[in-house]
Trainee: 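Take a look at this one; I'll ask things after.
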Amino acid sequence: MVKPGGVCSVEGPCTAAYYSIDICRMPCFMRVTLLLFCLMALVESRKPGRKRWTGQLEMPKQSPLYKKNLDVTKIRTGKPRPLLRVDDHDFTMRPAFGGPAIPVGVDVQVESLDSISEVDMDFTMTLYLRHYWRDERLAFPSTSNKSMTFDGRLVKKIWVPDVFFVHSKRSFTHDTTTDNIMLRVFPDGHVLYSMRITVTAMCNMDFSHFPLDSQTCSLELESYAYTDEDLMLYWKNGDESLKTDDKISLSQFLIQKFHTTSRLAFYSSTGWYNRLYINFTLHRHIFFFLLQTYFPATLMVMLSWVSFWIDHRAVPARVSLGIMTVLTMSTIITGVNASMPRVSYIRAVDIYLWVSFVFVFLSVLEYAAVNYLTTVQEQKERKFREKFPCMCGMLHSRTMMLDGSYSESEANSLAGYPRSHILPEEEGQDKIVVHLALNTELTSSRKKGLLKGHVGLYIFQNTHAIDKYSRLIFPAFYIFFNLIYWSVFS
């Protein structure tokens, strides 16, 4: 369009109003470019309009036939304001610092009693330890009065009681798959702090009645830094503060009772502290030691008595039997002491084993005495024969050769001989009596009678009185010892 005055003008949709441009004087390519720009603006103006970005997501309109719940986790929100104002307070100080002592309640749930070691005199226990206290600095507003639960990461930012185990050797907090620590905060500032711990602690044991003993062990809890003026440690629900699993059991002990106590502990350099005790009593099972210690020792003692029925002339049999029983008893005593701590007092098992050892040793000495007395007796007989050599005047049909080592059956067989068969009276002065098994208790009057020519055959049945009496004395005394032992220590 050309206006009067020779001015060319272009009117199109690329402008919001009417513009007058002098294009007659513009080069040709500029005019073409301007026309293309105007055409593009015209095309864009006819497309549907787009809304400008306002910084908020617009949810698509839902069909009235199908409505899906809104997923609020996908909606961008700003950083929430923390309910616990941890950064606004100094949690290096205890709650109500400068005021009265803060009460901290404790309860324990014993999960397992893992082991009892007599050698190290300690025990290992796994438990849940829970603390209860109030810290007003952790209070937060809540309309539903619901608590908030946190893991162990918050524990490093707030104040918690510094409870430790007295007389503990090793302890650790479980960390599989994460630290087994739980912190629960209530709106009014009350806090529950729970952790799962395994602790190995010392237990002073008395083995004077071992293995018929009962042991009482204690796990002690105490604040490390805060005295009773700053922290009052107490059992939250008295005896009900200690819970145990009914399935807890040990191979060698019967758990009789768990109970709690508390008292004050004094340290000369720091002061008085509240101390809590978890006490439990253990009674040892005796059946294992009956099979491994008492029955073998008793059998060895009874085996040593077998030598009393073996002929005293069987030297290898009786000596080897005595040595075997003595060495076996020594092995049993060594095995028991290897599994026990080295204590300076006598235990019940030591009394039984050493008395049994003495019985076995006495059976060896008994044979030594029998063998010695037999040798002395044979020497006396040999001297007597050398002094009075003789031949026996017995009938040919019933003649037998006897010496000083005859058996009891052989001596008894002579009882059937008539006196006239053994030594006729008319030949009494020409024969000398054969003395079979001379008795050491033969009186001088009897010897004088024989020397004067008195006729007779003296057969003294000597079955070695020491063996005969030992067969009764040893069992009787050992049974009497067992009656006293089991009545005292049971």
Trainee: May I have the step-by-step check of salt bridge (charged side-chain N to carboxylate O under 4.0 Å, His left out) for Arg318 and Glu366, ending in yes or no?
Mentor: CA-CA 11 Å; Arg318 295 190 67 165; Glu366 186 270 346; 3.1 Å; yes

Trainee: Measure the OH-OG distance between Tyr132 and Ser194 for me, rounded to the nearest 0.5 Å.
Mentor: 7.5 Å

Trainee: Give a yes-or-no answer on whether the side chains of Asn279 and Thr261 include a donor-acceptor pair shorter than 3.5 Å.
Mentor: yes

Trainee: Measure the NE2-CD1 distance between His259 and Ile278 for me, rounded to the nearest 0.5 Å.
Mentor: 11.0 Å

Trainee: Mark yes when over 12 heavy atoms from residues, nucleotides or ligands other than Glu136 sit less than 6.0 Å from its CD; otherwise mark no.
Mentor: no

Trainee: Looking only at side-chain N and O atoms, does Asp107 offer a donor or acceptor that is under 3.5 Å from a partner on Gln109?
Mentor: no

Trainee: Decide yes or no for Thr198 and Arg170: does some side-chain heavy atom of the first lie under 4.5 Å from some side-chain heavy atom of the second?
Mentor: no

Trainee: Provide the closest heavy-atom pair for Gly238 versus Thr260 in the form atom of the first, atom of the second, distance.
Mentor: O-OG1, 3.7 Å

Trainee: Are there more than 12 heavy atoms of other residues, nucleotides or ligands under 6.0 Å from atom CE of Met302?
Mentor: no

Trainee: Within this structure, what is the CD-OG distance for the pair Gln256 and Ser214, rounded to the nearest 0.5 Å?
Mentor: 5.0 Å

Trainee: Tyr267: which residues meet the side-chain hydrogen bond (donor to acceptor under 3.5 Å, both in side chains) condition with it, sequence neighbours left out?
Mentor: Glu222, Arg275

Trainee: Going through the distances and angles, do Tyr478 and Ser356 end up as a side chain to side chain donor-acceptor pair (under 3.5 Å)?
Mentor: CA-CA 8 Å; Tyr478 194 70; Ser356 300; 3.0 Å; yes

Trainee: Mind running side-chain contact (heavy atoms from CB on, under 4.5 Å) on Tyr226 and Asp162 for me, showing each step along the way?
Mentor: CA-CA 8 Å; Tyr226 297 99; Asp162 58 341; 3.3 Å; yes

Trainee: Among Asn274, Val104, Val163, whose side chain to side chain contact (heavy atoms under 4.5 Å, CB included) with Leu231 holds?
Mentor: Val104

Trainee: Is it true that atom OH of Tyr224 has more than 12 heavy atoms of other residues, nucleotides or ligands lying nearer than 6.0 Å?
Mentor: no

Trainee: How long is the span from the CD atom in Glu378 to the CG atom in Leu373, to the nearest 0.5 Å?
Mentor: 11.5 Å

Trainee: Heavy atoms, side chains only, cut-off 4.5 Å: are Ser363 and Phe308 in contact?
Mentor: yes

Trainee: Quick check for you: to the nearest 0.5 Å, what is the distance between Trp235 atom CH2 and Leu233 atom CG?
Mentor: 8.5 Å

Trainee: For a side-chain contact (heavy atoms from CB on, under 4.5 Å) check, start with the C-alpha distance between Tyr193 and Val155, then their side-chain angles and the critical distance, and finish with the verdict.
Mentor: CA-CA 9 Å; Tyr193 175 42; Val155 175; 3.8 Å; yes

Trainee: Which heavy atom of Gly322 sits nearest a heavy atom of Thr325, and at what distance?
Mentor: O-OG1, 2.8 Å

Trainee: Could you label the plane-to-plane angle of the Phe172 and His174 rings as parallel, tilted or perpendicular, counting under 30° as parallel and over 60° as perpendicular?
Mentor: tilted

Trainee: If we ignore hydrogens and angles and just use 3.5 Å, is the side chain of Glu229 paired with the main-chain N or O of Ala101 as donor and acceptor?
Mentor: no

Trainee: Considering non-hydrogen atoms only, spot the tightest contact between Leu219 and Leu127 and give its length.
Mentor: CD2-CD2, 3.4 Å

Trainee: What do you reckon, is NZ of Lys383 surrounded by more than 12 foreign heavy atoms closer than 6.0 Å?
Mentor: no

Trainee: Using 0.5 Å steps for rounding, measure from the CD atom of Gln252 to the NE2 atom of His283.
Mentor: 12.5 Å

Trainee: According to ring pair (Phe, Tyr, Trp, His ring centres under 6.0 Å), does anything in residues 363-382 pair up with another residue at least two apart or in another chain? List the pairs.
Mentor: none

Trainee: For a salt bridge (charged side-chain N to carboxylate O under 4.0 Å, His left out) check, start with the C-alpha distance between Lys247 and Asp245, then their side-chain angles and the critical distance, and finish with the verdict.
Mentor: CA-CA 5 Å; Lys247 298 180 180 180; Asp245 191 347; over 6 Å; no

Trainee: Please report whether the ring centroid of Phe266 lies less than 6.0 Å from that of Trp272.
Mentor: yes

Trainee: Is there side-chain contact between Arg347 and Asn337, with heavy atoms separated by less than 4.5 Å?
Mentor: yes

Trainee: Between Leu183 and Leu192, is any pair of side-chain heavy atoms under 4.5 Å apart?
Mentor: no

Trainee: Is it the case that Tyr352 and Thr298 place a side-chain donor and acceptor less than 3.5 Å from each other?
Mentor: yes

Trainee: Under the side chain to side chain contact (heavy atoms under 4.5 Å, CB included) test against Leu242, which residue among Leu276, Val106, Val108, Asn237 passes?
Mentor: Val108

Trainee: Is the terminal nitrogen or CZ of Arg471 (NZ for Lys, CZ for Arg) located under 6.0 angstrom from the six-membered ring centre of Trp305 and within 45° of that ring's axis?
Mentor: no

Trainee: In the structure I gave you, are the side-chain heavy atoms of Asn180 and Ile197 within less than 4.5 Å of one another anywhere?
Mentor: no

Trainee: Assess whether side chain to side chain donor-acceptor pair (under 3.5 Å) is satisfied between Asp122 and Thr200, documenting all intermediate values.
Mentor: CA-CA 7 Å; Asp122 59 24; Thr200 300; over 6 Å; no

Trainee: Does the pair Ile351 and Phe489 meet the rule for a side-chain contact (heavy atoms from CB on, under 4.5 Å), with working shown?
Mentor: CA-CA 11 Å; Ile351 297 175; Phe489 292 104; 3.8 Å; yes

Trainee: Please check: side-chain N/O of Asp179 versus main-chain N/O of Ile181, any donor-acceptor pairing under 3.5 Å?
Mentor: no

Trainee: Can you confirm whether Ile346 is buried at CD1, in the sense that more than 12 heavy atoms of other residues, nucleotides or ligands lie under 6.0 Å from that atom?
Mentor: no

Trainee: Report yes if some heavy atom in the side chain of Leu264 is under 4.5 Å from a heavy atom in the side chain of Tyr273; otherwise report no.
Mentor: no

Trainee: Identify the residue among Tyr294, Phe480, Phe481 that makes a ring pair (Phe, Tyr, Trp, His ring centres under 6.0 Å) with Trp486.
Mentor: Tyr294

Trainee: Assess whether side chain to side chain donor-acceptor pair (under 3.5 Å) is satisfied between Arg313 and Asn371, documenting all intermediate values.
Mentor: CA-CA 8 Å; Arg313 291 173 295 181; Asn371 190 49; over 6 Å; no

Trainee: Do the non-hydrogen side-chain atoms of Thr92 and Trp159 ever get within less than 4.5 Å of each other?
Mentor: no

Trainee: May I ask you to test the Met121-Phe207 pair for a side-chain heavy-atom distance under 4.5 Å?
Mentor: yes

Trainee: So which heavy atom on Glu118 is nearest to which on Met205, and how close?
Mentor: CA-SD, 4.3 Å

Trainee: Would Phe210 and Arg284 satisfy side-chain contact (heavy atoms from CB on, under 4.5 Å), going step by step from the backbone distance to the final call?
Mentor: CA-CA 9 Å; Phe210 175 87; Arg284 193 184 306 273; 3.5 Å; yes

